[in-house]
Amino acid sequence: MDKQSRLKIAIQKSGRLTDLSLDLLTRCGLKFSRGKDQLICHGENMPLDILLVRDDDIPDLVQQDVADLGIVGLNVIEEKRLSFEKAGIQPLFEQLMTLDHGRCRLCIAVPDEFKYQGAQSLQGKRIATTYPNILGNYLKQNKVNAEIVTLSGAVEIAPRLGRADLICDLVSTGATLTANHLTEVETILESQAAIIRTPLPVSDSKQDWIHRLLMRVDGVQQVRESKYILLHAPRAKLEQIKQLLPGSESPTIIPLEGHPDKVVIHAVCRENVFWETLESLKKAGASSMLVLPVEKMLN
Ligand code: PRP
Ligand code: ZN
């Protein structure tokens with residue numbers, strides 16, 4: 001297969017989304033080896049290569065058709081969309097699906113000793129951020145006049161360096177804020193990862209792989225918490241037992257040989273099955289319960 005027909009997917013080189021994105025691609029069946037400081041990883045068993053780049057560059061790379069696909073946070077997508085709009089460029093990259101990983105929030109955070117009493121406390125202050133457009137809109141909506149100090153990274157140390165009074169940055173676990181003596185006071189955007197694609201038409205073979213990849217991503221997301229459960233149940237308690245199965249749509253019911261009063265239930269539960277659930281099922285009359293992990297699912 002020639003180079004042009006290989007699909008390229010851009011992901012964050014180092015940061016919150018890196019391991020999650022590589023793990024997702026691995027679960028989709030991609031085999032690759034990742035060398036230190038490598039910028040491109042070639043897929044060994046699929047015509048798919050991974051570009052490792054700064055997350056802020058991903059929408060541009062997809063917009064410019066350097067990468068066909070990208071995995072990036074909604075925070076970066078929204079910031080880029082606003083900055084393209086401002087520059088009179090139409091944002092053409094297309095959002096294909098959101099992912100259930102990379103949840104975080106864009107927050108205003110202040111030094112621990114700062115007395116915050118609502119958005120008006122931001123009046124006249126200097127706010128460091130890598131999200132000047134999202135922050136600008138927020139300030140406008142709240143009728144606050146403040147100075148936006150746009151940085152390209154290490155925002156959390158700006159107050160200590162005297163470059164800003166407070167910051168607007170992404171928070172996921174909150175560890176970065178705590179380590180820098182900052183407190184979160186407002187959430188201005190909720191975010192999670194998403195897959196974006198180039199606006200340009202791609203070859204049929206690439207299109208086919210995009211489709212297959214999305215189906216697999218969907219399957220991976222569906223099984224993440226899923227469990228396969230098998231149990232014996234008294235016919236008379238069937239309805240009650242079905243109600244107790246967490247997040248299962250239509251369990252398969254099979255007669256149990258030699259026990260006309262009992263059935264075997266097979267069900268895929270879309271949520272984790274905890275000991276408490278098994279105990280309630282047992283109380284309701286279920287027996288011989290088996291809970292198995294689900295490895296793959298394709299609908
Ligand atoms: C964000 C943010 C903080 C960190 C917060 O960085 O800038 O550094 O995550 O996470 P925590 O609350 O779990 O400590 P990101 O991974 O987006 O990288 P980047 O800012 O370098 O693009
Ligand atoms: Zn970034």
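Sequential numbering from 1 along the given sequence is applied to the chain's residues. Whatever order the structure lists ligands and atoms in, that order sets their numbers, starting from 1. All of these numbers come straight from a predicted model, not from anything done at the bench. Below, all heavy atoms of this structure are taken into account, side chains as well, without hydrogens, waters or symmetry copies.
For Arg270 and Gln222, the side-chain atoms include at least one donor-acceptor pair closer than 3.5 Å.
Between Arg81 and Glu78 a salt bridge is recorded (basic side-chain N to carboxylate O distance below 4.0 Å). Ion pairing between a basic and an acidic side chain is recognised when a charged N comes within 4.0 Å of a carboxylate O; Glu190 and Arg103 show no such pairing. Using a 4.0 Å cut-off between charged nitrogen and carboxylate oxygen, Arg126 and Asp165 count as a salt-bridge pair. Ionic pairing of Lys206 and Asp65 is not present here: no N-O contact between side-chain nitrogen and carboxylate oxygen is shorter than 4.0 angstrom. Using a 4.0 Å cut-off between charged side-chain N and carboxylate O, Asp261 and Arg235 make no salt bridge. A salt bridge does not link Arg197 with Asp68: every distance from a Lys NZ or Arg NE/NH1/NH2 to an Asp or Glu carboxylate oxygen is 4.0 Å or more.
The shortest heavy-atom distance from Gln12 to ligand 1 is under 4.0 Å. Under a 4.0 Å heavy-atom criterion, Gly153 is not in contact with ligand 1.
The nearest protein heavy atom to atom 20 (O) of ligand 1 is not closer than 4.0 Å. When distances from atom 16 (O) of ligand 1 to the protein are checked, a heavy atom turns up under 4.0 Å.
When side chains are defined from C-beta on, Ile58 counts as touching Val53, because their heavy atoms get closer than 4.5 Å. Looking at Asp49 and Phe32, their side chains never come closer than 4.5 Å, going by heavy atoms from C-beta outward.
Looking at Ala109, Gly174, Ser14, it is Gly174 that brings a heavy atom closest to atom 12 (O) of ligand 1. Distances from atom 13 (O) of ligand 1 to the heavy atoms of Val76, Leu17, Asn180, Thr173 show the closest one on Thr173. Of the options Val72, Leu177, Thr176, the smallest heavy-atom separation from atom 4 (C) of ligand 1 is shown by Thr176.
Residue Glu156 has no nitrogen or oxygen atom sitting less than 3.5 Å from a nitrogen or oxygen atom of ligand 1, judged on distance alone. Checked by distance only, ligand 1 and Leu170 stay at 3.5 Å or farther apart across all their nitrogen or oxygen atoms.
Rounded to 10°, the angle formed at the Zn ion (ligand 2) by OD1 of Asp55 and OD1 of Asp56 is 60°.
At the shortest separation from atom 1 (C) of ligand 1 among protein heavy atoms lies Arg16 NE, 3.7 Å.
With a 4.0 Å cut-off on non-hydrogen atoms, Asp55 touches ligand 1 through its side chain and not its backbone. At a heavy-atom cutoff of 4.0 Å, ligand 1 is contacted by the side chain of Asp169 but not by its backbone.
Close approach of ligand 1 to Gly15 (heavy-atom distance below 4.0 Å) involves ligand atoms 16 (O). Ligand-side atoms of ligand 1 in range of Val171: 12 (O), range being under 4.0 angstrom from any heavy atom. Every atom of ligand 1 with a heavy atom of Ala175 under 4.0 Å away is listed here by number and element: 12 (O), 14 (O).
Other residues, nucleotides and ligands contribute only 12 or fewer heavy atoms inside 6.0 Å of the CD atom of Gln90.
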